[in-house]
Amino acid sequence: MSDTNSHDITATTEWTALTEHAAEVEPRHLRSLFDDDPDRAGALTVTGADLVLDYSKHRITRDTVGLLTDLARAAGLPARTEAMFTGAHVNTSEDRAVLHTALRLPRDASLTVDGQDVVADVHAVLDRMGEFTDAVRSGAWTGSTGRRIRTVVNIGIGGSDLGPVMAYEALRDYAQRDLECRFVSNIDPTDLYEKTRDLDPATTLFVVSSKTFTTQETLTNARNARSWLLSGLGTDDTGAVAKHFAAVSTNAEKVSEFGISTDNMFGFWDWVGGRYSLDSAIGLSLMCAIGREHFAEFLAGMHAMDEHFRHTPLEQNLPVISGLLGVWYANFFGADTRAVLPYSQYLHRLPAYLQQLTMESNGKSVRGDGTPVTTTTGEIFWGEPGTNGQHAFYQLLHQGTRLVPCDFIGFARPHHDLPGEDAADSHDLFMANLFAQSAALAFGKTAAEIEAEGTPADVVPHKVMPGNRPSSTILAEKLTPSVLGQIIAFYEHVTFVEGTIWGIDSFDQWGVELGKVMAKQFGPALHDPNPPDAGLDASTAALVGRYRAWRGR
Ligand code: F6P
């Protein structure tokens with residue numbers, strides 16, 4: 001059963017209606033939108049699972065929501081959502097089901113896809129991961145010299161790195177503090193060097209995470225890690241590898257070929273896309289850190305957001321609203337980017353994680369059937385945690401010429417009480433910044449207000465804060481494993497909503513292939529004394545020549 005997403009959304013009457021509506025809304029300022037609709041803040045706030053989304057500070061009227069949800073219906077969003085959840089091959093270019101949502105189904109749920117009991121398979125792997133991580137965390141699992149593991153080093157890249165590292169950082173407060181996780185991703189040898197230079201091989205466990213187990217970066221790092229381990233242990237006994245290496249992959253054959261016992265291998269399935277795989281066995285290093293119970297809470301949070309997304313009317317649906325707002329700004333206001341601004345230092349890797357999730361998914365120029373799209377696709381996601389970003393790029397957000405819709409994310413309860421009187425209000429001060437920034441962006445400050453403060457006339461224009469800069473605010477009580485799961489699932493579904501509107505396949509990533517092939521092809525040109533003709537263009541040939549000269553080749 002396949003489901004080709006290939007409509008031309010721009011040819012629909014719903015699109016035309018939105019184009020006309022956008023022309024009416026565009027000249028309006030958020031100040032007047034709030035003045036004209038005093039109940040707006042309450043009306044444009046929705047809740048789902050434990051998250052609250054206030055989208056009242058967007059350049060929309062209440063009519064906009066109806067027009068956008070009409071567009072979603074015209075794109076077939078409800079049916080396609082159901083198709084995804086039930087295992088239709090919505091990844092058409094690879095003819096695959098897309099079932100990351102099945103990874104967080106409770107044990108007593110049932111879902112059979114292509115003749116396979118998916119829930120039983122998922123929980124069998126989760127149980128094995130639980131046993132393994134219990135052993136590592138308790139010290140029952142020992143390295144080849146009998147010492148307990150103190151550091152878990154995940155080797156992976158893209159979806160096999162960004163999710164685990166982001167969630168590990170986010171949930172540090174739930175982690176076993178005497179077991180550190182590190183993450184090696186870059187094929188730049190300095191990454192492995194810096195992450196291992198102060199480690200004791202006898203107490204180090206590598207988790208090689210790669211869906212395909214063919215990724216150049218990961219296999220190169222894994223081979224170098226194996227050499228580092230064996231030379232550090234002073235042995236050539238490859239049996240030591242069994243005590244210091246585990247693998248996460250869909251490719252058992254390649255894992256064995258590498259020399260990792262399949263007893264230490266944790267599998268997943270081709271219906272889990274790399275950037276949607278944190279909740280599969282790719283989360284093994286995270287589970288080592290936070291333990292199986294917290295990992296289960298994390299999955300339950302994702303499932304709660306899945307249920308919200310699947311069953312809530314479009315008008316009250318958090319990912320639907322956020323995804324449609326992305327379309328609104330990208331296609332009707334010409335915005336290129338969305339800033340993600342978590343007011344939580346624990347979420348400092350969230351923007352990087354979201355870059356892969358959203359941009360590898362929706363950076364496409366053809367629709368599901370291969371015909372060219374007729375409108376802009378793919379928001380550019382970027383950001384930094386507040387308040388650091390305030391002292392870096394917020395100037396452009398407030399007074400620059402570009403429109404940058406923002407997602408503010410914040411939490412009511414802090415994780416720690418620092419000592420000292422001043423520290424008591426630190427979290428309030430922190431969150432006051434979030435609330436202040438979104439309000440300043442929306443409402444700004446007029447020339448008249450600035451003049452009234454006695455500002456010299458020539459300085460007034462510099463100090464005018466135009467406002468009318470849109471943002472969402474996503475609030476939760478506390479950043480728990482469950483809430484993190486909800487936030488991740490929220491953005492997964494935002495991505496799906498946008499891809500569905502644009503008529504594209506959000507689950508393939510053919511655009512990353514050419515560069516990988518060319519890097520392999522170019523390799524010999526950098527070091528072989530008589531390299532074969534790599535077909536270098538004139539610019540690249542000159543750069544490679546300079547590189548070789550500096551390397552003395
Ligand atoms: O960047 C391309 C990509 O295929 C991603 O989609 C994926 O997350 C990453 O490479 C790593 O792939 P693998 O897990 O197979 O090593």
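This is a predicted model, so every value here is computed, not measured. Just so you know, ligand 1 is whichever comes first in the structure, and atom 1 is the first atom listed for that ligand. FYI, the numbering just counts along the sequence from 1.
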Ligand-residue contact atoms, ligand 1 with Thr215, heavy atoms, under 4.0 Å: 12 (O), 13 (P), 15 (O), 16 (O)

Return the residue, atom name and 0.1 Å-rounded distance of the protein heavy atom closest to atom 15 (O) of ligand 1. Thr212 OG1, 2.6 Å

What's the verdict on side-chain hydrogen bond (donor to acceptor under 3.5 Å, both in side chains) for Thr101 and Asp306, showing C-alpha distance, side-chain angles and the deciding distance? CA-CA 7 Å; Thr101 51; Asp306 294 342; 5.1 Å; no

If the cut-off is 4.0 Å to any non-hydrogen atom of Ile157, which atoms of ligand 1 fall inside it? 9 (C), 11 (C)

May I ask you to list the atoms of ligand 1 that are less than 4.0 angstrom from any heavy atom of Val512? 2 (C)

Test item: Asp537 side-chain N/O and Thr540 main-chain N/O as donor-acceptor pair under 3.5 Å: yes

Using a plain distance cutoff, I'd like to know if Gln356 has any nitrogen or oxygen under 3.5 Å from a nitrogen or oxygen of ligand 1. yes

Can you list the steps and then say if Asn154 with Tyr168 is a side-chain hydrogen bond (donor to acceptor under 3.5 Å, both in side chains)? CA-CA 11 Å; Asn154 185 79; Tyr168 172 68; over 6 Å; no

Return yes if a side-chain donor-acceptor contact under 3.5 Å exists between Asn331 and Thr375, otherwise no. yes

Does an N or O anywhere in Glu360 fall below 3.5 Å from an N or O of ligand 1? yes

With Asp117 via salt bridge (Lys or Arg N to Asp or Glu O under 4.0 Å) - residues at least two apart: none

Consider every N or O of Gly159 and every N or O of ligand 1, then say whether any pair is closer than 3.5 Å. yes

Report, in ascending order of atom number, the atoms of ligand 1 lying under 4.0 Å from any heavy atom of Lys516. 2 (C), 4 (O)

With distance as the sole criterion, is a donor-acceptor pair present between the side chains of Thr495 and Ser361 under 3.5 Å? no

